[in-house]
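Okay, so here's the structure we're looking at.
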Amino acid sequence: MDSMATLPIVQYEEKIIETVERNPVVVVIGETGSGKSTQLSQMLYRRGYADSARIAITQPRRVAAVTVARRVAQELGVQLGEEVGYAIRFEDRTSHRTRIKYLTDGVLLRESLVNPELNEYSVIILDEAHERSLNTDILMGLMKRLAKIRTSNLKVLITSATLDGDKVSNFFRDCPVLTIPGKLYPVEILYSKERPSSYLESSLKTAIDIHVREPEGDVLIFMTGQDDIEKLVSKLEDKVRSLEEGSCMDAIILPLHGSLPPELQVRVFSPPPPSCRRIIVATNIAETSLTVDGVVYVIDSGYVKQRQYNPSTGMYSLDIVQISKVQANQRAGRAGRTRPGKCYRLYPSQVYNDEFLDVTVPEIQRSSLAGSVLYLKSLDLPDIDILKFDFLDPPSSESLQDALKQLYLIDAIDENGAITSIGQKMAELPLEPSLSRTLMEANDYGCIPEALTVAAMLSAETTLLPGRSKTEKKRKHPEPNLPDGFGLGDHIQLLQIFECWDQTDYDIGWCKDNGLQVRGMLFVRDVRKQLSQIMQKIAKGPLDRRRGESRQDYRNLRKALCVGYANQLAERKMHHNGYRTLGFQGQVVQVHPSSVLKADDLGKFPDYVVYHELIATPRPYMRNVCSVEMRWVVPVINKLKTLDVYKLSGGTGPVEEENERNIPDLPKKNFEVTAGVDDSESRIQAARERFLARKGKK
DNA sequence: GAGCACTGC
């Protein structure tokens, strides 16, 4: 473990304090191992910055907030939760004595909903801002405003990456930039002469070369996904086994990705047997989230899987894209934590220099912004206009308009773009707007208990385990004993599953027997409790049913869903089971094969459904659908007709062409197949890269 | 015959 004295940042203390003293905002470029996350807060604490109010340090991840807080408490010799504490969702370990508070940036956003001036804090440090999470980006905008309003009693520090420092400084009115060197050992970068024809084969060959020729030290290989990881692991195992015994040291191959059960994930943290090399084949999870000790060699494919949102179609896609320079350097740095290392980049230096973006496209430019726009509107800051909100990297106006349209259709904002009383209540719920709107409607229909459960289940996403073996994958549903939603759809099934679990008194064994992720289900229980507490203030009826008293009639719940998902409606095509989405450019989509939605005796799906999500993988699917009735859809369609983006944007946006929207005339008529998936530039680019990456594997 | 990078309130 590092002792404080060896951390590079310690020598910069005077300089840092002096700069902070003179400036309301300071950008700190702290390279890996500089100790910024643990030391900045302590320095300011020592100099009295926490005397009148607290020091807040945000982290993008929960584990980071907890581990760094624990570490600082230890260094200061205090009990965690006393002078040093942390706050993450479901867990607040702070007290009135807390001076240094670590928290996730999501929690700080929630806090600023209650107190927009954040008077509780005298210093706010946004750590790891270079990761550019959606929440960090919103916080940066808010900090810019706050620094101006509270010049006399607030200091803001933003930590960033080398390649981004000047830009962040420009954003904060050319505030000073301090660079603190890291404590990494040198990493030699080795480029490939050309792009490999196969990343899999090239990774395999490089890994075996290292294993045979290089001295001891673990190997970390960055791949894009579970599939590639599994293939490479098995090839590596074959190859290592075939190496002549005694000709080199032993090797164990370890996969590492998010859908790996936790007990297998932790294997990478236990030390290897003596004279045995570990070869870890990982996704991006090993780039920032998990740090594996002992890595000396890194193999970098140069690719990552990234989720992107297309605001003109309302569709998400998961694309394989090239990483940024920041990411490539972060990956390389993983080789230099314990001693000098090597990084094998499976691409030429020219690709790195000319093709890689400096920094990763920020999440704010890749996501649906409905939730964020609602959040900003609910803050009701007189001096902030959402469409002109000062973002470090502003999202496209198309994306902002999409968010406004969505919010208007679910009554969160009025025709002039002003937040409504419904919208104000929705913003308090830590949910996507469609689900918070569903809860509001459920309140009127007397089905809060059910809506709470559905919202909580959808917050977790991964409660149903995927098939565990190849043969099991053939089965349509993982476990036959689970309820089927009466064929009405996935929302109803999720509700029934939770109700079953509730009846077993939250039995862990029951989850395991039924192929449900234990962690996911426990998370759902926590979320439901949290939502229930928030709803208590406005609930017109009970928040829970008596155990076993489940409502078998899901009509009201489905009506509430129809209102909440007004943006996510689809109409079945007359002659087959394809659907066409309403409201966006008409997308032809299918019900995801994993859905429990049932067709009628004639083999037809319901005429109308709501969907939780559209995902192109690469074919367009609706994931998590629920059947609704036409007469519930009518008001939504009528509202679509009144939509005026120009007014919604406060009369600043461009006027939208009427025919861009897919608004059916009722009664229902047959629609021509006009448009498939929208092929915007980015999708073509993504498809090209996917093609290149796939081509390599064959 | 479908497929799932990673976070977070």
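Naming: A, B, ... by sequence-line order, numbering from 1 per chain.
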Gap between atoms CD and C1', on A:Glu91 and B:dC9 respectively (whole Å) = 15 Å

Between A:Tyr309 and A:Tyr316, how do the two ring planes meet: parallel, tilted or perpendicular, split at 30° and 60°?
-> tilted

Given B:dT7, B:dC9, B:dG3, the nucleotide with the shortest approach to the side chain of A:Thr617 = B:dG3

A:Glu363 CD - B:dA5 C1' separation (whole Å) | 12 Å

Gap separating the CG atom of A:Asp484 from the CD1 atom of A:Ile492, nearest 0.5 angstrom | 11.0 Å

Provide, to the nearest angstrom, the distance between the CD atom belonging to A:Gln59 and the P atom belonging to B:dG8.
-> 11 Å

Fit a plane to each ring of A:Phe356 and A:Tyr347, take the angle between them on a 0 to 90° scale, and name the class: parallel (under 30°), tilted (30 to 60°) or perpendicular (over 60°).
-> tilted

Would you kindly give the CG-to-P distance between A:Asp319 and B:dC4, to the nearest whole Å?
-> 11 Å

Quick one: label A:Thr104 by what it contacts on the DNA or RNA (base, sugar-phosphate, nothing), any heavy atom closer than 4.0 Å.
-> sugar-phosphate

Out of B:dC4, B:dA2, B:dT7, minimum distance to the side chain of A:Ser289 belongs to B:dT7

Looking at every strand, decide which applies to A:Arg61 at a 4.0 Å heavy-atom threshold: base, sugar-phosphate, or nothing.
-> sugar-phosphate

The nucleotide from B:dA2, B:dC9, B:dC6 with an atom nearest the side chain of A:Ile88 is B:dC9

A:Gly225 vs A:Pro430, nearer the 5' end of DNA chain B by closest nucleotide = A:Gly225

Expressed in angstrom and rounded to an integer, what is the separation of A:Ile323 atom CD1 from B:dA5 atom C1'?
-> 13 Å

Which part of the nucleic acid does A:Gln306 contact within heavy-atom distance under 4.0 Å: base, sugar-phosphate only, or nothing?
-> nothing

With sequence neighbours excluded, tell me which residues meet ring pair (Phe, Tyr, Trp, His ring centres under 6.0 Å) with A:Tyr121.
-> none

CG of A:Leu108 to CG of A:Leu118: how many Å apart, nearest 0.5 Å?
-> 5.5 Å

Quick one: is A:Arg62 getting a side-chain N or O under 4.0 Å of the B:dC9 phosphate, OP1 or OP2?
-> yes

Return the value, rounded to whole Å, for the distance between atom CD of A:Glu131 and atom C1' of B:dG8.
-> 12 Å

Flag the pair A:Tyr611 / A:Tyr579 as yes when their ring centroid distance falls below 6.0 Å, and as no otherwise.
-> no

Just call it for A:Val304: base, sugar-phosphate, or nothing, with non-hydrogen atoms closer than 4.0 Å on any strand.
-> nothing

A:Tyr621 side chain: which of B:dC9, B:dT7, B:dG3 is closest?
-> B:dG3

Among B:dC4, B:dA2, B:dC6, which is the nearest nucleotide to the side chain of A:Arg619?
-> B:dA2

Whole Å only: how far is the CZ atom of A:Arg307 from the C1' atom of B:dC4?
-> 10 Å

When all nucleic acid strands are considered with a 4.0 Å heavy-atom cut-off, which category describes A:Ile285: base, sugar-phosphate, or nothing?
-> sugar-phosphate

Considering just the side-chain nitrogens and oxygens of A:Thr283, establish if one lies under 4.0 Å of OP1 or OP2 belonging to B:dC6.
-> yes

In whole Å, what is the span from the NE2 atom of A:His130 to the C1' atom of B:dC6?
-> 14 Å

